Every structure is written in structure tokens, then in C-alpha cells.
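Below is one structure, written out as C-alpha cells; the observations come after it.
Convention: sequence-line order gives letters A, B, ...; per-chain numbering from 1. These numbers were taken from a predicted model, which means no experiment stands behind them. Computation of the quantities below employed the complete heavy-atom set of this structure, encompassing side-chain atoms and omitting hydrogens, waters and symmetry-equivalent molecules.
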2 protein chains.
Amino acid sequence: MTRFALTVEFDGRPFMGWQRQDHGPSVQQAIEDATFAVTGERTAVHAAGRTDAGVHGAAMRAHLDITKPITAFRLGEALNARLRPNPVAILACEEVADDWHARFTCTGRAYEYRIVNRRAPLTWEKGLAWQVAQPLDAAAMHAAAQLLIGQHDFTTFRSAHCQSASPLKSLDVLNVTRSGDRIEVVAEARSFLHHQVRSMVGCLALVGLGRWSIADMGDALAAADRARLGLNAPPDGLFFMHARYPD
Amino acid sequence: MTRFALTVEFDGRPFMGWQRQDHGPSVQQAIEDATFAVTGERTAVHAAGRTDAGVHGAAMRAHLDITKPITAFRLGEALNARLRPNPVAILACEEVADDWHARFTCTGRAYEYRIVNRRAPLTWEKGLAWQVAQPLDAAAMHAAAQLLIGQHDFTTFRSAHCQSASPLKSLDVLNVTRSGDRIEVVAEARSFLHHQVRSMVGCLALVGLGRWSIADMGDALAAADRARLGLNAPPDGLFFMHARYPD
């Protein structure tokens with residue numbers, strides 16, 4: 001048995017999310033089916049994180065175990081051939097130690113959320129960004145974001161379906177930058193609660209619109225109450241950017 | 001009658017090109033139909049340039065004449081509402097002088113061509129970039145590109161269907177830059193021949209692959225012979241970026 005680590009790019013639009021579902025297509029299933037087509041083996045693919053329906057992956061990390069002898073290069077090429085026409089691509093495939101685990105060995109995760117701040121609808125970015133028609137104050141959004149940095153009870157920004165044992169998380173980075181009509185929010189942490197990035201971005205947008213003050217963000221966090229969530233941003237703009245591992 | 005200048009973004013994938021066609025949808029027709037829905041007037045929309053099937057527009061300029069009294073803001077908003085679900089967006093709409101012409105007043109056009117240089121297939125950029133699996137030498141491509149700068153007979157890089165009176169064109173900019181696995185080619189000129197950018201990019205790719213020397217590019221240009229064209233790049237990666245006007 002050989003364990004392989006994958007780096008996966010995927011367009012989340014046609015999927016119910018990363019995780020295998022009974023009621024629709026998933027990225028996990030697409031890769032598991034491609035693996036079966038290549039190796040004849042039914043094997044589970046484990047990812048660094050689960051993504052919701054409509055959320056994209058720029059460099060998701062995952063691993064799988066294969067019994068049949070095959071090189072990492074051949075496996076990556078063959079998976080890409082079998083993944084067509086799904087919008088899922090294996091960017092890299094490498095052999096790793098048997099105890100390397102895409103999820104449990106991961107020490108850091110980074111997401112990016114893309115907002116297009118303009119009145120005109122999106123064209124080729126439809127489903128790949130959140131279009132916000134009213135002007136957003138990105139500087140105010142960034143200031144409010146800094147109130148969320150550090151270890152907090154993030155219950156306000158947590159989905160009712162979150163399976164995490166604790167609402168306590170430590171947020172390392174939450175940067176908001178504007179370039180023309182594009183606003184990018186970068187979030188980095190060891191791990192996130194379910195919906196945490198989208199919920200934080202939704203509330204940052206309320207600050208950007210002037211409907212929340214910067215202090216309102218701190219109050220919402222301190223309340224540790226899901227009922228205080230102002231807005232959950234749509235999945236469209238969210239990209240899993242990278243996963244960090246020791247060495 | 002009032003003349004309005006439009007700035008248009010469009011995803012070229014579902015269209016036969018900018019220009020109205022009998023055999024399929026076009027960007028021009030989408031805007032003309034939306035205009036009719038808004039104003040009840042059948043009016044021609046003139047663009048700074050015609051784009052081929054599958055080519056995209058980031059900020060195409062166009063103009064149209066409306067008899068009915070309407071403000072530029074209202075016209076832009078109403079066109080966007082009526083353009084749905086076409087991937088065409090009016091980014092800006094402004095009143096201009098009656099003698100302003102999107103095509104004839106235009107003094108400069110800029111295109112960008114996007115290449116993704118990697119083995120893995122594209123996911124969300126499928127149809128929005130040209131995936132080239134073999135490694136490209138972007139520095140060699142840039143060096144070869146410089147041989148095309150200036151006024152030349154560009155017959156080698158001209159479609160058989162080109163309607164331009166002369167194959168003589170003056171190329172101002174042809175820059176090739178790499179960032180990670182992305183290569184961008186920026187082309188600027190007063191005007192271009194039909195297929196000129198795609199043909200230049202196709203030959204630059206041959207240089208990047210090592211199948212053409214840099215000198216081969218100069219020879220192909222000097223031959224002024226369409227039979228010497230090495231490769232026409234696909235439309236997928238081509239974006240009309242902007243049009244320049246006096247003032």
C-alpha cells in the first residue's frame with residue numbers, strides 16, 4: 001500500500017460540496033470514481049477540509065491509499081484523464097509517509113473570499129465571486145476584521161450543523177484589501193468552524209455597507225450567539241487556497 | 001436623438017462572436033434586443049472591435065443612438081436587467097457627442113491573452129484561458145515578440161477572412177510575462193488584423209516550446225505569407241481589454 005497526497009483544484013459550481021453525498025455529485029466522489037477507473041480499487045479520499053456546495057478549491061490537499069503499484073506521476077495523469085469532464089484537476093500527486101493525513105496532519109488552512117463591488121452583474125465570474133452592488137468601505141471592513149483576530153468563541157459565526165467539538169478557534173489572519181472594484185478577504189487559521197469564513201465575510205459586508213459599525217462586529221463576536229449573525233455570504237466567492245503541513 | 005457610449009464586459013463562450021450572425025447568438029444581438037426591450041427602438045450597436053466566437057470582452061466600447069428621452073444611468077441599469085441571463089454586462093453608460101464613434105474615433109486597442117502552462121486541465125477557467133501542457137519559455141517568447149513591434153506587413157498573422165484594406169499594421173506593445181504557471185501576453189496597437197493576436201500568440205507558443213527559434217519568428221513575419229503561420233492560438237484565452245479615445 002502506498003499513500004499519495006493530492007493537490008486538487010475544483011470549480012464548486014456543479015457539486016454539492018467536497019464530501020460524498022447521497023443526493024448529488026461531490027468532489028470526493030468524482031476523485032474516488034476516477035481512482036476506481038484507474039486502479040480498480042475502491043478507496044476513500046480524505047481532504048484537509050470539507051467545503052460547502054458552490055465553494056471552490058484552488059489547492060485543496062487530500063490523500064488516498066493505493067495497493068496496486070503505480071508511480072505518483074502516472075496516478076496524477078491517469079486521474080486527470082478519468083476526471084474529465086468534471087471541473088476537477090489534480091495539480092500535484094506525490095508519495096507520502098503512511099501516517100501523513102491530509103486532515104489530521106494539517107496545521108493551517110487559508111481561504112480567500114472574492115467580492116466584486118459594482119452595479120453591473122457578473123459575466124464569466126458568475127458563481128466565482130459575490131457581486132455587491134452598493135459601495136463597500138474596505139478600510140472599515142478591514143478594521144472590523146481585526147477584532148476577530150486571536151482566540152475566541154466563534155459561535156456567532158458557526159453553522160447550526162457544525163460538527164466541531166468546540167466553538168473556540170484561533171484566527172490568525174483576516175485581511176480585507178481592495179483593488180479597483182475587487183475586494184479580497186484572506187482568512188488563515190489552524191482550522192475553521194463550519195460556515196465561519198462565509199459568516200465573517202457576511203458581517204464584514206454589513207460593516208462595509210455602513211449598516212453595522214465596527215463596534216457592532218465586536219459585540220456580535222462577544223455575544224457568542226448565532227442569532228446575532230448579521231449575514232452569511234453566499235458560497236460563490238469562497239476559495240480554499242491552501243493547507244499547511246509540518247515541513 | 002442621444003448617443004450613448006457603453007463599456008461592455010462579456011463572456012464569449014456562448015456567443016458566435018461580437019457581430020450579429022444569422023446562425024447563432026452574438027453579443028451585438030443580445031445588446032440590441034435588450035435595447036429594444038427597454039426603449040422599443042431597433043437601433044444598431046457599434047463596437048470598437050469585432051471579436052471571434054469564444055473571445056471575451058473585459059471592457060469593450062460600443063455606442064448606440066436612442067430617440068426616447070432616458071438618462072445614461074437609467075439606460076445602463078435597464079440594459080443590465082434585460083440582458084439577463086446572457087453573460088453580458090454594461091459596466092458604464094455615458095452620453096457622448098453625436099460624432100463620437102466607438103470604432104472610428106478609437107485610436108488604440110489592447111488585448112490580453114491568458115495561457116495556463118501546466119499539465120493539469122483547467123477547471124473554472126475552462127474556456128477562459130489556453131492550457132498548454134508542455135513547459136513554455138516565457139523569456140524566449142518575449143524576445144521573439146519584440147521582433148513584431150513596429151510597422152510591418154502582418155499577412156502571415158492575418159486570417160483569410162480579414163476585411164482590412166491593408167495588411168500593414170503598426171504594433172506598439174507585445175509583452176509576455178510569467179507569474180507562476182500563468183503566462184500573459186499583452187498586445188496594443190491602433191488596430192489589428194483579423195486573427196492577428198491569436199496568430200501571433202500561437203507562433204510565440206511555438207517559440208516557447210522550442211519548436212521555433214526566435215529567428216524563425218522574424219522569418220515568418222518577413223515572409224508575409226499566411227502559409228508560414230505556425231499555429232493559431234484558440235479563442236479561449238483572448239480578452240479585449242480596452243479601447244483608447246482622444247481625451
**OP:** With chain A as the partner chain, list the residues of residues 35-66 of chain B whose heavy atoms fall under 4.5 Å from it, by residue number, and write 'none' if nothing qualifies.
**Re:** B/His56, B/Gly57, B/Ala58

Subject >> Between OG on residue B/Ser191 and CZ on residue B/Arg103, distance to nearest 0.5 Å >> reply: 9.5 Å

Subject >> Salt bridge flag under 4.0 Å for residues A/Glu77 and A/Arg82 >> reply: no

**OP:** Pick one of side chain, backbone, both or neither for B/Ile90, based on which atoms fall under 4.5 Å of a heavy atom in chain A.
**Re:** backbone

**OP:** Identify which part of B/Pro14 has an atom lying under 4.5 Å from any heavy atom of chain A, answering side chain, backbone, both or neither.
**Re:** neither

Original post:
Any chance the rings of B/Trp100 and B/Tyr245 have centres within less than 6.0 Å?
Top reply: yes

Subject >> Candidates B/Tyr111, B/Phe240, B/Tyr113 - the one meeting ring pair (Phe, Tyr, Trp, His ring centres under 6.0 Å) with B/Phe192 >> reply: B/Tyr111

Original post:
Any ion pair linking B/Arg118 and A/Glu9 (charged N to carboxylate O, less than 4.0 Å)?
Top reply: yes

Original post:
Quick one: is the NZ or CZ of B/Arg114 closer than 6.0 Å to the six-membered ring centre of B/Phe239, and within 45° of its axis?
Top reply: yes

Original post:
For residues A/Arg119 and B/Asn80, is any side-chain donor paired with an opposing acceptor at under 3.5 Å?
Top reply: no

